[in-house]
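Small disclaimer: the values here were computed from a predicted structure and weren't measured.
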Amino acid sequence: MPRYEFDRAPSRLDTGSTKWSRYPADVLPMWIADMDFSVAPEIVSALQRRLEHPVFGYAIARTELREEIVRDLAERFGWTIRPDDIVFLPGVEPGFNMALKSRLKPGDKVLIQTPIYRPILDAPAHWELEALTVPMVRAEAGYRPDRGALAAGLAQARAFLLCNPHNPTGHVYSREDLAFIAAECEARDVLIVSDEIHCDLVFAGREHIPIASLAPAVADRTITLMSASKTYNIPGLKTSFAVITNPALRSAFAGARSGMVDSVNLFGLEATLAAYRDAGAWRNALLGYLQSNRDHLEQEIERLIPGIRYHPPEASFLAWLDCSALGIAGSPQSFFLRQAKVGLYAGEVFGAEYGAFVRLNFGCTRAVLSDAIERMAGALAGRAQP
Ligand SMILES: Cc1ncc(COP(=O)(O)O)c(C=O)c1O
């Protein structure tokens, strides 16, 4: 089995990286959700091979790519789809926007669970729809959907924008909760738009279940959005896909694309094919590394900043940190940026009521992660004894 080196990451300064351009070079950027690791060598080789042909015209997804995705979904999630159910897109964000545009009319309500990835929160307003928000509940073991609040919300909504695995809490929905959501949506005739972009990075002990895989009747009312971008660290290639098994829903979705998206990035398609076909071993190795980072973060927070409340995520590389007990005056994001030179995402980005939280991206080397926690702990200690 090939070995991959996640303890070394290339410098991204001056590479036109969004993450590494926002702050001065002395700040550790741990905000936007991409990872610092080199892409799988299998993907780099596939792109190099494609570069040898010097024409980069408009591209379509080759049959082989559709078949690889069909195979992957069947093997890993037991979900059977057909190649033609897949609609390629330049991103999951455009995908959930098109999904809402395709089926709803101004004034309709869209249910969303907070805290939530900001573009999901903002999407309804783009189409003059109303966002109905219900908070996740925090139990001893972490965040969970609130079934009572969900049922009440779904009674008013025309669509549910689900995010599973959930960003920023890292919650992976159980089969029982998904079945509950699906049954409520069926009873109320609610469209399900399911953002599953983080589905390939689920840690040991949890299982990803595409909501549409529960039953054909659920798939009939669901638009699922996926991508190789988060898992294989290729989000700059702007390629994702929707799976829509219901032909009427697919055709309405195609209508919503029109005038905005025709074809998809040539290199993104090549990289996506190489990811699903060739880079499974790299993905498994990455998952192990991320899981150790997740556990390391938990231990280090306990050791150095026990005032932070942290529920280790069940998937992906984002940690949702409750800083409310730290006694920071004002925004913890600004405090850690100024005093610790660590660039986190501010909690209020994920919902107005989460100002006491920050989101930390641990898709980085263990050394950078340790440095960040030490800097944060140092800043808090320095504040206590000026
Ligand atoms: C839940 C979720 N959906 C969508 C996206 C963005 O996807 P894309 O870059 O494909 O639009 C992200 C990126 O962080 C995300 O976390």
Side-chain angles (χ1 to χ4, degrees), residues 60-61 63 65-106 108-112 120 123-124 126-127 129 150 153-164 173 175 177-197 199 208-227 239-264 272:
I60 57 158
T63 307
L65 172 54
R66 290 180 182 275
E67 287 172 352
E68 275 303 326
I69 293 172
V70 170
R71 181 198 55 73
D72 190 74
L73 294 178
E75 269 180 27
R76 297 194 320 105
F77 306 132
W79 186 21
T80 307
I81 64 158
R82 291 166 311 128
D84 287 346
D85 297 336
I86 303 167
V87 182
F88 286 90
L89 296 165
V92 162
E93 183 182 347
F96 53 69
N97 275 282
M98 286 169 200
L100 295 181
K101 180 174 178 244
S102 72
R103 279 307 232 207
L104 275 61
K105 53 178 192 330
D108 284 346
K109 296 186 173 67
V110 181
L111 191 73
I112 293 169
I120 289 185
H126 297 320
W127 313 106
L129 307 169
L150 276 181
L154 289 171
Q156 303 173 56
R158 289 273 294 122
F160 181 30
L161 240 173
L162 173 67
C163 182
N164 179 32
Y173 283 71
R175 184 174 293 279
D177 281 335
L178 291 172
F180 174 82
I181 290 167
E184 290 294 318
C185 289
E186 236 177 308
R188 317 280 185 181
D189 194 20
V190 172
L191 171 74
I192 302 171
V193 182
S194 189
D195 176 340
E196 303 187 12
I197 195 169
C199 72
H208 178 72
I209 301 163
I211 191 166
S213 72
L214 290 179
V218 183
D220 264 356
R221 63 177 57 259
T222 302
I223 295 174
T224 304
L225 298 159
M226 294 178 161
S227 175
T239 302
S240 72
F241 56 92
V243 179
I244 312 173
T245 56
N246 175 338
L249 214 51
R250 202 163 57 242
S251 132
F253 186 80
R257 276 164 56 106
S258 120
M260 293 196 290
V261 173
D262 48 9
S263 58
V264 169
T272 301

Just by distance, do the side chain of R66 and the backbone of I86 share a donor-acceptor pair under 3.5 Å? yes
Is the backbone of D220 close enough, under 3.5 Å, to the side chain of N246 for a donor and an acceptor to pair up by distance? yes
Are V92 and F96 close enough that some pair of their side-chain heavy atoms sits under 4.5 Å apart? yes
Rounded at 0.5 Å granularity, tell me how far CE in M226 sits from CZ in F77. 5.5 Å
List the atom of P124, the atom of I112, and the distance in Å for their closest heavy-atom pair. CG-CD1, 3.9 Å
Are any non-hydrogen side-chain atoms of M98 and L89 less than 4.5 angstrom apart? yes
Can you name the nearest heavy-atom pair linking L111 to G153, along with the distance? CD1-CA, 3.7 Å
Can you measure from OG1 (T224) to CZ (F241) and round to the nearest 0.5 angstrom? 9.5 Å
Indicate yes or no: at least one non-hydrogen side-chain atom of V110 is less than 4.5 angstrom from one of W127. no
Checking R257 side chain against D262 main chain: does a donor-acceptor pair fall under 3.5 Å? yes
Min side-chain heavy-atom separation C185-R221 under 4.5 Å: yes
Between L249 and R103, does the side chain to side chain contact (heavy atoms under 4.5 Å, CB included) criterion hold? Intermediate values first, please. CA-CA 8 Å; L249 214 51; R103 279 307 232 207; 3.4 Å; yes
Within 6.0 Å of CZ in R175, more than 12 heavy atoms from elsewhere: no
Under the side chain to side chain contact (heavy atoms under 4.5 Å, CB included) rule, what do I192 and I211 come out as? Steps first, then yes or no, please. CA-CA 9 Å; I192 302 171; I211 191 166; 4.0 Å; yes
Please determine which of T80, V243, D85 meets the side-chain contact (heavy atoms from CB on, under 4.5 Å) test together with L73. V243
L154 side, atom CG; K109 side, atom NZ - distance, nearest 0.5 Å: 13.0 Å
OG on S102 to CD1 on I223, rounded to 0.5 Å: 4.5 Å
Under a 4.5 Å cut-off applied to non-hydrogen side-chain atoms, are P90 and V261 in contact? yes
Smallest separation among heavy atoms of H126 and N97, with atom names: CD2-OD1, 3.1 Å
Quick check: does any side chain N or O of S240 sit under 3.5 Å from a backbone N or O of S227, one acting as donor and the other as acceptor? no
Under the side chain to side chain contact (heavy atoms under 4.5 Å, CB included) rule, what do F253 and V87 come out as? Steps first, then yes or no, please. CA-CA 9 Å; F253 186 80; V87 182; 4.0 Å; yes
Indicate yes or no for a side-chain donor-acceptor contact from D108 to the backbone of R158 under 3.5 Å, with no hydrogens or angles considered. no
Which value, rounded to the nearest 0.5 Å, describes the distance between S263 atom OG and F88 atom CZ? 12.5 Å
Taking the side chain as everything from C-beta on, heavy atoms only, tell me whether T222 gets closer than 4.5 Å to L162. no
If we only count heavy atoms from C-beta on, is the L225 to I197 side-chain gap below 4.5 Å? no
Of all heavy-atom pairs linking E186 and V218, the shortest is OE1-CG2, 4.3 Å
Using a 4.5 Å cut-off on heavy atoms from C-beta on, say whether the side chain of L150 contacts that of D177. no
